[in-house]
Amino acid sequence: MRKIDLCLSSEGSEVILATSSDEKHPPENIIDGNPETFWTTTGMFPQEFIICFHKHVRIERLVIQSYFVQTLKIEKSTSKEPVDFEQWIEKDLVHTEGQLQNEEIAHDGSATYLRFIIVSAFDHFASVHSVSAEGTVVSNLSS
């Protein structure tokens, strides 16, 4: 099976929920494949977003590019709806002055949804520039 970036909107994924939205930096920017765009929080933490794959996927490696994110939790669900999330990963990221945080996580898991929770940040605002998930499609969701 071909490994692909499962999170790209061009692969059919979408951000179905985000706790904050700025019209100049919407949550869709996280998965658009453009390194110049990003989603920004609007203060107060925690903040979260949910990516829906619209299929069952097996993830082998995650890469998150962000700025000012301090503590990040990632939960996954294999349900047809965005429910029954289970804790998958929790990381404290290192503050990188003047450059993007590039967090690579090698962690196998199956999911139909991923919920990213920014628990805390190094500043009043944080941004997520991209999330990529290398892996394979296991099966399509049946109705």
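Heavy atoms only: backbone and side chains are in, while hydrogens, waters and symmetry mates are out.
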- Message: Run Ile105 and Lys91 through side chain to side chain contact (heavy atoms under 4.5 Å, CB included) and show every step you take.
- Response: CA-CA 9 Å; Ile105 304 164; Lys91 294 271 302 189; 4.1 Å; yes

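- At most 12 heavy atoms of other shown residues, nucleotides or ligands fall within 6.0 angstrom of atom NE2 in His124.
- When all heavy atoms of Phe53 and Ser13 are compared, the closest pair comes out as CD2-OG, 3.4 Å.
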- side chain to side chain contact (heavy atoms under 4.5 Å, CB included) between Val137 and Leu6, intermediate numbers included: CA-CA 8 Å; Val137 174; Leu6 300 162; 4.1 Å; yes

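- For the residue pair Ser9 / Asp32, no side-chain donor-acceptor distance below 3.5 Å is found, with atom types taken as modelled.
- Side chains of Gln101 and Ser66: a donor-acceptor N/O pair is present below 3.5 angstrom, by distance only.
- The main-chain N or O of Ala133 is found under 3.5 Å from a side-chain atom of Asp5 such that the two form a donor-acceptor pair.
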- Task: Applying side-chain hydrogen bond (donor to acceptor under 3.5 Å, both in side chains), run through Gln70 and His95 and close with a yes or a no.
- Result: CA-CA 7 Å; Gln70 185 170 11; His95 178 55; over 6 Å; no

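- Between the side chains of Ser120 and Thr71, at least one donor N or O lies within less than 3.5 Å of an accepting N or O.
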- Task: Could you check Gln65 against Ser130 for side-chain hydrogen bond (donor to acceptor under 3.5 Å, both in side chains), going step by step and ending with a plain yes or no?
- Result: CA-CA 5 Å; Gln65 290 188 316; Ser130 72; 3.2 Å; yes

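- In this structure, the ring of Phe116 has its center less than 6.0 angstrom from the ring center of Phe49.
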- Item | side-chain hydrogen bond (donor to acceptor under 3.5 Å, both in side chains) assessment of Asp22 paired with Thr40 | CA-CA 7 Å; Asp22 176 320; Thr40 186; 6.0 Å; no

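- In this structure, Tyr67 contributes its side chain and His129 its backbone to no donor-acceptor pair below 3.5 Å.
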